[in-house]
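Single-structure report; data block below.
Throughout, numbering of the chain's residues begins at 1 and tracks the sequence. Only this structure's heavy atoms are used, side chains among them; waters, hydrogens and symmetry mates stay out.
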Amino acid sequence: MFDTYNQYRCNQLRLNLLENLKTNYMKKSIIIIMLVFLMPFSSFSQTSFGVFGGLNSSFFSDGFLKNSEISTTLGFHLGVVSEINLNKQIAFRPKLFFSQEGDREKYNGRSGYIAGNSIDYKLSYINLPLNFKFFSKPYIIVGPQFGYLLETKKSYFDFGDVNKKIDTGINFGIGYDFNKFFIEFNSYQGFTKLLELESSPSNYYSNGVTNTVLQLSIGYYFK
């Protein structure tokens, strides 16, 4: 009995150590990527820097935009942006920003199918989208995004911990520049399964929950 318990404790300590090493590695990787893409590009004469902020409508979906429901409870985002002109029609446009995401609606607790939009977890991320900007007035943006989970707040039901600290997905948006200001509407769909739930006799659960975010931003270029 004691040998079994000691073996269990050793396995738990080993798993915790591996998880901490993985988390530290991910943190360092994100910091390196931030430094590479958001450092001052002094050698580029046509580089702009700015700040932006706005509102999020965020919710969970079952995989890629399945069983999703737009939330009326809003979060916010705030960050910095850099724009590096590659030619007259295309620019590289990385951002770094804090964002309130997850499902911010209250679950009513009814039995039955528990979809992504039934899980009221409030998540906070530091996001690094690596977008490309096409055209101007209006413009289109598209690109991958990497996010690091900072905080999870659960309410009502606890469906377990979020599986992955790193969230990856794709951005697509449109915007318009006027003088040194810009306004932008962006949509984000995550590919990372944050929660994988199992069915029970009374409830049928989603088999994979991902982030979906709609954002409206207003920003200002310093240069």
Is [Y] close to [X] at the side-chain level, that is, under 4.5 Å between some pair of heavy atoms?
X	Y	result
Val81	Val51	no
Asp167	Leu194	yes
Val162	Leu149	yes
Tyr148	Leu128	no
Glu184	Tyr139	yes

Review point. So does Asn87 have more than 12 non-hydrogen atoms from other groups sitting under 6.0 Å from CG?
Key: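 Count over threshold, so yes.
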**Study point:** More than 12 heavy atoms of other groups within 6.0 Å of Ile218 CD1
**Key:**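 No, the 6.0 Å shell around CD1 holds no more than 12 heavy atoms from other groups.
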Practice item. Begin from the C-alpha positions of Leu123 and Phe60 and carry the test side-chain contact (heavy atoms from CB on, under 4.5 Å) through to its verdict. Key: CA-CA 11 Å; Leu123 309 179; Phe60 292 130; 3.8 Å; yes
Please set out all donor-acceptor pairs under 3.5 angstrom arising from side-chain atoms of residues 169-182, sequence neighbours excluded.
unit_1	atom_1	unit_2	atom_2	d
Asn171	OD1	Asn186	ND2	2.9
Asn171	ND2	Gln145	OE1	3.0
Asp177	OD2	Lys133	NZ	2.7

Exercise for review: For Tyr121 and Val209, run side-chain contact (heavy atoms from CB on, under 4.5 Å): C-alpha distance rounded to whole Å, both residues' side-chain angles, the deciding distance at 0.1 Å, then the answer.
Suggested key: CA-CA 11 Å; Tyr121 280 21; Val209 176; over 6 Å; no
Point to revise | Residues in side chain to side chain contact (heavy atoms under 4.5 Å, CB included) contact with Phe134, at least two apart in sequence or another chain | key: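 So Phe134 forms a side chain to side chain contact (heavy atoms under 4.5 Å, CB included) with Ile90, Phe132, Val142.
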Which residues pass the side-chain hydrogen bond (donor to acceptor under 3.5 Å, both in side chains) test with [X], not counting sequence neighbours?
X	value
Ser217	His77
Asn131	none
Thr168	Thr192

Point to revise | Ring centre gap for Phe52 and Phe97 strictly below 6.0 Å | key: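 When the ring centroids of Phe52 and Phe97 are compared, they turn out to be within the sub-6.0 Å range.
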Review point. Same cluster for Tyr188 and Phe76 if Ile/Leu/Val/Met/Phe/Trp/Tyr side chains link at under 4.5 Å?
Key: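 No, Tyr188 and Phe76 fall in different hydrophobic clusters.
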Check your understanding: Should Ile166 and Leu96 be regarded as members of a common hydrophobic cluster, given that ILVMFWY residues are connected when their side-chain heavy atoms come within less than 4.5 Å of each other, either directly or indirectly?
Key ->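 Same hydrophobic cluster.
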How long is the straight-line distance from [atom2] of [Y] back to [atom1] of [X], given to the nearest 0.5 Å?
X	Y	atom1	atom2	result
Leu130	Phe146	CG	CZ	6.0 Å
Ile84	Phe92	CD1	CZ	6.0 Å
Ser57	Leu216	OG	CG	11.0 Å
Ser136	Lys88	OG	NZ	12.5 Å

Review point. Under the ring pair (Phe, Tyr, Trp, His ring centres under 6.0 Å) test, which residues partner Phe135, sequence neighbours left out?
Key: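 Phe135 satisfies ring pair (Phe, Tyr, Trp, His ring centres under 6.0 Å) with no other residue.
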**Study point:** Side-chain H-bond candidate by donor/acceptor type, Ser124 with Gln100, under 3.5 Å
**Key:**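 Side chains of Ser124 and Gln100: no pair found under 3.5 Å.
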Review point. Do we see a donor-acceptor contact under 3.5 Å between the side chains of Ser99 and Asn56?
Key: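 Indeed, the side chains of Ser99 and Asn56 share at least one donor-acceptor pair under 3.5 Å.
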Check your understanding: Do you know which two heavy atoms are closest between Asn127 and Gly147, and how far apart they sit?
Key ->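 That closest heavy-atom pairing would be OD1-CA, 3.2 Å.
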Check your understanding: For the residue pair Gly102 and Ser58, what are the closest heavy atoms and their distance?
Key ->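 That closest heavy-atom pairing would be O-OG, 2.8 Å.
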Check your understanding: What do the steps show when you test Gln189 against Thr210 for side-chain contact (heavy atoms from CB on, under 4.5 Å), and what is the final call?
Key -> CA-CA 8 Å; Gln189 175 59 54; Thr210 56; 3.2 Å; yes
Practice item. May I ask you to decide if Pro94's main-chain N or O and Ser82's side chain share a donor-acceptor pair within less than 3.5 Å? Key: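 Between the backbone of Pro94 and the side chain of Ser82 there is no qualifying donor-acceptor contact (under 3.5 Å).
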Exercise for review: Output, in order, the C-alpha distance, side-chain angles, deciding distance and verdict of side-chain contact (heavy atoms from CB on, under 4.5 Å) for Lys165 and Tyr125.
Suggested key: CA-CA 9 Å; Lys165 284 282 189 180; Tyr125 282 91; over 6 Å; no
Practice item. Can you tell me which residue pairs pass the salt bridge (charged side-chain N to carboxylate O under 4.0 Å, His left out) test with a partner in residues 142-153, sequence neighbours excluded? Key: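 Passing the test, one end in residues 142-153: no pairs.
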Check your understanding: Are Glu83 and Lys95 ion-paired here, with the side-chain N under 4.0 Å from a carboxylate O?
Key ->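 Salt bridge between Glu83 and Lys95, a charged N being under 4.0 Å from a carboxylate O: no.
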